[in-house]
Amino acid sequence: MTTRDVVEEFFGLLAGGDPDKVAEVFADDIDWYVPGSASLPWTGPRTKRSEVADYFRTLGANIGIRRVSGLGRTGMSAGAAPVRA
């Protein structure tokens, strides 16, 4: 499997909207740090696959994805906007 294949699978799973399926492509033990303010609930470290689905649920509850398009010659295009109450 090429790097491109892995990336396309990952973004395809993201677009599918199932955080548990997205988490399945991660290793059991991970070293993943999302930088940002401690006041943002999706920032901080993750060290286990089990934390991945919750991360995407939390992110999805706070950030609305407007568009995700496939990889092309220019790369992936995505947009995000804060969710308004």
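By convention here, the first residue in the shown sequence is residue 1.
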Colleague: Looking only at heavy atoms, which two atoms of G17 and P19 are closest? And how far apart?
Modeller: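 Taking every non-hydrogen atom into account, O-CD, 3.3 Å.
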Colleague: To the nearest 0.5 Å, tell me how far S50 OG sits from Y55 OH.
Modeller: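 That separation rounds to 15.5 Å.
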Colleague: Relative to each other, are the rings of F56 and W32 parallel, tilted or perpendicular (30° and 60° limits)?
Modeller: tilted
Colleague: Measure the spacing between OG1 of T2 and CG of D5 and express it to the nearest 0.5 Å.
Modeller: 3.0 Å
Colleague: Nearest 0.5 angstrom please: I63 CD1 to T58 OG1, how far?
Modeller: 11.5 Å
Colleague: Which pairs pass salt bridge (Lys or Arg N to Asp or Glu O under 4.0 Å) with one or both residues in residues 12-24, sequence neighbours excluded?
Modeller: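 Found D20-R57.
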Colleague: For T43 and V34, indicate whether the former's side chain and the latter's backbone hold a donor-acceptor pair under 3.5 Å.
Modeller: no
Colleague: If you look at every heavy atom in A53 and A23, which pair is closest and at what distance?
Modeller: N-CB, 4.0 Å
Colleague: Tell me every residue that passes side chain to side chain donor-acceptor pair (under 3.5 Å) with D31, counting only those two or more places apart in sequence or in another chain.
Modeller: none
Colleague: Taking only residues two or more places apart in sequence, or in another chain, which ones meet D28 in a salt bridge (Lys or Arg N to Asp or Glu O under 4.0 Å)?
Modeller: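 Partners of D28 under the salt bridge (Lys or Arg N to Asp or Glu O under 4.0 Å) test: R49.
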Colleague: So, do P41 and N62 sit near enough that their side-chain heavy atoms are less than 4.5 Å apart?
Modeller: yes
Colleague: Could you tell me which residues satisfy side chain to side chain donor-acceptor pair (under 3.5 Å) with T3, sequence neighbours excluded, listed by chain and number?
Modeller: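 None.
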Colleague: Apply side-chain contact (heavy atoms from CB on, under 4.5 Å) to V25 and list each qualifying residue two or more places apart in sequence or on a separate chain.
Modeller: E9, F10, L13
Colleague: Pairs in or reaching into residues 34-48: which pass salt bridge (Lys or Arg N to Asp or Glu O under 4.0 Å), with residues at least two apart or in two chains?
Modeller: D29-K48
